[in-house]
Amino acid sequence: MKYPFQEIETKWQKRWEEEGINKANLSEAEKKLYALVMFIYPSAAKMHIGHWFNYGPTDTWARLKKLQGNNVFEPIGYDAFGLPAENYAIKTGIHPHDSTLQNVNDIRDQLKTLGAMYDFDYEVNTSLPEYYKWTQWLFLLLYKNKLAYRQNAPVNWCSKDATVLANEQVVDGKCERCGTEVIRKNLTQWFFKITNYAEELLQHLDKIDWPEKTKTMQRNWIGKSVGIEIEFAVASDSQSDKSKSDFESDSTFRVFTTRPDTLFGVTYVVLAPEHSLLKQLTTSSQKNLVENYLEEVKKETEIERQSTTKEKTGVFTGSYAINPINNEKIPIWIADYVLATYGTGAVMGVPGHDERDFILAKKFSLPIKKVILEEGKLANEELQSAFCEVGTLVNSGKFDGFNSEIAKEKISDELEKIGKGKRKINFRLRDWLVSRQRYWGAPIPIVYCESCGEVPIPENQLPVLLPYNVDFRLGGESPLARSEEFVNTTCPNCGKKAKRDVDTMDTFVDSSWYFLRYPSSKNSEVAFEKNVTNQWLPVDKYVGGAEHAVMHLLYARFITKVLRDTGYINFDEPFLSLVHQGTITNKGAKMSKSRGNVVNPGTFTEQYGGDVFRLYLMFMRPYDESGDWNDEGIQGTWRFVNRIYQLLLDNKEMLRATSFKAKYEIQSLQSLDKILYRKTNQTLKKVEENIHDFHFNTAISSLMELLNELTNSPAAAGKRTNEITTWCIHKLIIMLAPLAPHFAEELNEMCGGKESLFKGNKWIRYDETAIAEDEVTIAIQINGKLRDTMQFPIDSHDEIIKQAVLQNDVVKKYVDGKAIAKVVVVKNKLISIVVK
RNA sequence: GCCGGGGUGGCGGAACUGGUAGACGCGAUGGACUUAAAAUCCAUUAGAACGUAAAGCGCUCUGUGUCGGUUCGAUUCCGAUCCCCGGCACCA
């Protein structure tokens, strides 16, 4: 009889619900364990295979922990604001509120078929006022603490869709949706001051258990550079130009460098085209050239400008600067590769020791000066390319002869002493732009009053409701601007007429704190209760896609630190331990609707059931590895489940009738009992360790081995006692419970079990004394090659093994007549004989 | 270009801390059951040469991207090199 999964899975889902098996007990924080998956983004589509691959295995991990007696909290929710729902609305006319609610209901039903331990009483939905009220509260908290500010800034703009795009919606410089090239546009926007936390965000990476590559990505993203800002004076004769009489040589600008040791090698300086001093520095003879260049730069897209493959361009301003270390007069250039937004917007050109500068100098025939000497090279040898490694200083006055690392400090000291420099640390990290000119998000809780100016909405007036009746089709401005009803309001301060901010928040703001909301999701008084939050957080295990490495995961860390500093929580990091599942591709590409290569999990759950499908996803390959989808192997897990089911059907009476002890003394067991008892204990150990480490594939293969031992052993029938067989099958069922929960519950009931396996801590700790083998196979190597194997009692003495092996016929063949040069014995493993 | 991760049978993948490479599963081949097919069960399955009349068995060699090194012994450590995947992309 085939395993009737349909009947069994609905039966147990119903029973779990009735008996409240998945209910979390948050009032009791002892042995608490918060297991979390990245919540679902329901705006676009229903659950796909990737969600199953994220949620199923994570639930297996959480269930193991529950079986082991932990108080497990495993919530789920919906990241329900965002572009896809809005785009869908624009296309179909169905309001995003309606489509999202419908989708959430459908997804909740799908999630139930997964059989995870979700407590749906605690679910969150970021698009509901009871949630986004607190997202707005969070915004105001940052605002009050001067961590939210408004500034005019360039943003990604898609002219066809008439909207800003989030960075992640810009793919290869083009709009993800319509393929239009994205341009930069200046708009007044809200920012969160994440840069205040740059240093701490970097430092604390060392104390969290995250994949190393994710931490590296964050480190690179934060991009700390230690260097110095150096002041250059503008040469007085630069302004030979009579029209600039009010401008004399007291004008200065600064450059940022991490290589002060190369300061003597500066042969020019370069400013960003946006540099504030540019107008003053441009001489009349260069004016046309500079203006033409600025025009060209303006025409470039951000992508073209940032392209490393593009040929370097730039023009001379006509002015000169004075190098503070040696008073050399050097030309001031502008070039588009210098970023106005980083450092001081000006850099010193050291063509001898910087690749970019080398290329520019070659192109415009600027001098190249060698100031760092490569070991083993001559000082007068011409540089063929920039030398960027550590070396010895030359042509650097009193610093000649110093190692460049030491010279960095010496020259920095000197500059600080003469007041021409100040050590500085720069970060690549920029403040987080949170405004979106979109409808489907949390409104920014700020009004603009004619007399009071920018006014935050008082907390007791939250939420600022997102109006339903809005023309959300794209138009050149935020859809909310078209809602008179929304825009026009009164100032909470003075009561006069005021206008609301018409932008909504980036959905990453919603997801930057949702893990705090779960334990308090029913509380309408606060965003999260202080006590329960400090007891249940941080999250113990967080599982989700690696694509969030520098967005969501960085924002959530930032918000956590802000809430700590404002006294709301008492921990530094939101996610102590992080795991990324691999990406399942199909026909070599990421699954997506537009490619038409999405694999629907329903195809498999309908044919094989949820347990078999989730088992297969876990068995398929290591959890953190990506790879192409292939359903051929699912037969194997289907057979595995059915073989177990058949085994239980065949032995139902025996299993119910046989009683057994919790534990046996292994040496008292007879041969086949002993082998099975040992194998079962070995499997218990392996399954426990492998699931803990997210190595589900090997956990399942060891269970398959155990089943083979149980059913395939040639002499098994009749030579094994019912007692040990029954004992083993009970353990097998418990080991299956985290992996295939419905199935295991059913098997347990077939054996006479009355209570759910997930009540109480039913996991069995393996018997340490029953793991070790009595006999071991010793490999025999001669001159490094395997020649034979022999059986020995475990822990046999080296000398005994040596004597026995030398009597072995195969060994004799190789050894006789030759001298034994060396014998290496590795305990319980092998013996290696070297002959000459 | 830079930073990560990875190359193991026909396929997905195992292999503790340098110690018998290929666990487990898929697929394939042969067989049993069946009127037949599916399902199920059993056996074989890295490649090559050789011995025996043959099945079987025995035996030897090669083999973890490629080349080299360390070692009694290397998928594992070291150096070089090629390829694939992911991330960043002039941050001075």
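Letters go in sequence order (proteins before strands), and every chain restarts at 1. Everything numeric here is computed off the predicted structure, so don't read it as measured data.
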P-based separation of rG30(B) from rG87(B) [nearest Å]: 46 Å
Pairwise P distance for rC26(B) and rU64(B), with rounding to whole Å: 27 Å
Between rC67(B) and rC72(B) - C1' atom distance, rounded Å: 24 Å
Separation between the C1' atoms of rU76(B) and rA43(B), rounded to whole Å: 34 Å
Inter-nucleotide P distance (rC82(B), rG27(B)), Å rounded: 40 Å
Check: rG19(B) base within 3.5 Å donor-acceptor of Gln781(A) side chain: yes
Rounded P spacing from rG86(B) to rA80(B) in Å: 26 Å
rG65(B) glycosidic torsion: syn (within 90° of 0) vs anti: anti
Tyr342(A) OH - rC90(B) P separation (whole Å): 12 Å
Sugar-phosphate, base or nothing in reach of Arg430(A), heavy atoms under 4.0 Å: base
Whole-Å gap separating C1' (rG13(B)) and CZ (Phe696(A)): 16 Å
Polar pair under 3.5 Å, donor/acceptor by atom type, side chain Lys312(A), base rC90(B): yes
